[in-house]
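First comes the structure, then the notes that go with it.
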Amino acid sequence: MKHLSRRQFIKLCTASAAALGISQVWVPAIGKAYQNAAQGSPPVLWIQGSACNGCSSSLLNSVHPNMKEVLHEIINLSYHPGISTVTVRHLPDYLLDRAQQNRGRFILVVEGAIPTAGQGNFHIIGQDSQGKKITLIELLKKLGELTETIVAVGSCASFGGISAAEPNDAECVGLERLIEVSKVINIPGCPPHPDWIVGTLAHLLLFGRPELDDYGRPRVFFQGLIHNNCPRRQYFDNSIFARKFGEEGCLLQVGCKGPLAHGDCPTRLWNGASSWCVNANAPCIGCTDPSFPDLTMPFYKRMPEIQGPGITSTADAIGIGVGAATAAGLAVHLAGNYFSGRIGKKNSREDEA
Ligand code: FSX
Ligand code: SF4
């Protein structure tokens, strides 16, 4: 079996043809992962916090590879609250047992934000064998000590997302507020693309930790700005803007947040590589950005901070994940993120860069 090198894997994932190329990627990757599985690849324990279940639904919509291949040949999914057929009486004990048996090598996947109000009592994950109610926070902290790899799936788990939107009475937070940041890999998106989830897990199994950006996102999927690869970029550069939905032109005036958000949606495409938001005449809502959704709303109104074609030459510099903003208005926008505590300090990740 011919194996894919790490370089080839990344090249295929990042190429503009990745949406189609991903199917080629998986041929050797599946073979390797299958061999790993035969030798006992690390189990994946998946738990859910405050979320809409959209991230799991997105995973189930994986096309290349399909979900059967994902479950049987790529991921050793040991527990998932919605997919697993096991009935678990004392879930906290069950998960801690599995974690202890695979100490240091299992992958913990967390979907959804973590409610911290009321000492975590907004989310009781189950009872232990003594009948004690265990909060999600308690379980997470214990599981987190037993592994080096925690994958935050979705914007809620990564940065708080919709679950932490104002007024956030449950005081939901992303994983990084509770767990040692160096262990966490963020896969934001509301929901994330299935390739981002499966690709990250496959990368962990085949090659180890992927390279991350300043916000803990795998660069292989999140290094580019949506705006820079958008098929409507020519319209933007020529100041041709749609003033209402359905009109020809760049969607900036009807609220597009593509100049802020990172991801490969324009080239990877969604739903079996058939389309993506802007192709469907809907503006990007910036769902992969740490500021989503409070600071990317209203979704269908132009953000005053985003300037017109004058920013073309510095478009990448205004991306939230790439450093200091150049537009004065945008700097205010970003400062708001830091002061409100929605975005973790960048230097918390600098050691890994
Ligand atoms: Fe959050 Fe996931 Fe958005 Fe929903 O479960 S990232 S609300 S799509 O599904 O956590
Ligand atoms: Fe595309 Fe939106 Fe950028 Fe316009 S503002 S070019 S629609 S990403």
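Since the model is a prediction, treat every value here as computed from it, not as a measurement. Ligands are counted one by one from 1 in listed order, and the atoms in each one are counted from 1 as well.
Ligand 1 places these atoms under 4.0 Å from at least one heavy atom of Asn53: 5 (O), 9 (O). The ligand atoms of ligand 1 that sit less than 4.0 angstrom from a heavy atom of Ala51 are 2 (Fe), 5 (O), 10 (O). Taking every heavy atom of Cys190 and a limit of under 4.0 angstrom, the matching atoms of ligand 1 come to 3 (Fe), 6 (S), 7 (S), 8 (S).
The aromatic rings of His227 and Phe236 stand perpendicular to each other, their planes meeting at an angle above 60°, with 30° marking the opposite boundary. Ring-plane geometry between Phe207 and His203 is classed as perpendicular, the angle between the planes exceeding 60 degrees on a 0 to 90 degree scale with a lower cut at 30.
Salt bridge annotation for Lys257-Asp289: absent, with no cationic side-chain nitrogen under 4.0 angstrom from a carboxylate oxygen. Using a 4.0 Å cut-off between charged nitrogen and carboxylate oxygen, Asp213 and Arg217 count as a salt-bridge pair.
Taking the six-membered ring for Trp, Tyr300 and Phe245 have ring centres closer than 6.0 Å.
Polar contact with ligand 1: absent for Gly189 (N/O pair, distance under 3.5 Å). Looking at ligand 1, you'll find an N or O of Glu111 within less than 3.5 Å of one of its N or O atoms.
Remark: the backbone N or O of Cys172 is not paired with any side-chain donor or acceptor of Thr116 at under 3.5 angstrom. The main-chain N or O of Ala51 is never found under 3.5 Å from a side-chain atom of Glu111 such that the two would form a donor-acceptor pair. In this structure, the side chain of Ser58 does not engage the main chain of Gly54 through any donor-acceptor pair within 3.5 Å. Judged by distance alone, the side chain of Thr288 and the main-chain N or O of Ala261 form no donor-acceptor pair under 3.5 Å. Between the side chain of Asn102 and the backbone N or O of Pro42 there is no donor-acceptor pair closer than 3.5 Å.
Counting only heavy atoms of the protein, atom 9 (O) of ligand 1 lies nearest to Gly54 N, 2.7 Å. For atom 4 (Fe) of ligand 1, the closest heavy atom belonging to the protein is Cys52 SG, 2.3 Å. Protein heavy atom in closest approach to atom 2 (Fe) of ligand 1: Cys55 SG, 2.3 Å. The shortest contact between atom 1 (Fe) of ligand 1 and any protein heavy atom is with Cys156 SG, 2.3 Å.
Counting only protein atoms, the N, O or S atoms lying less than 2.8 Å from atom 3 (Fe) of ligand 2 are His227 ND1, ordered by chain and residue number.
Note: the hydrophobic cluster containing Val198 does not contain Val63 (ILVMFWY, side chain heavy atoms under 4.5 Å, direct or indirect links).
Under 4.0 angstrom from ligand 1, there are no non-hydrogen atoms of Val153.
Put simply, part of Ser155 is less than 4.0 Å from ligand 1, judged by heavy atoms.
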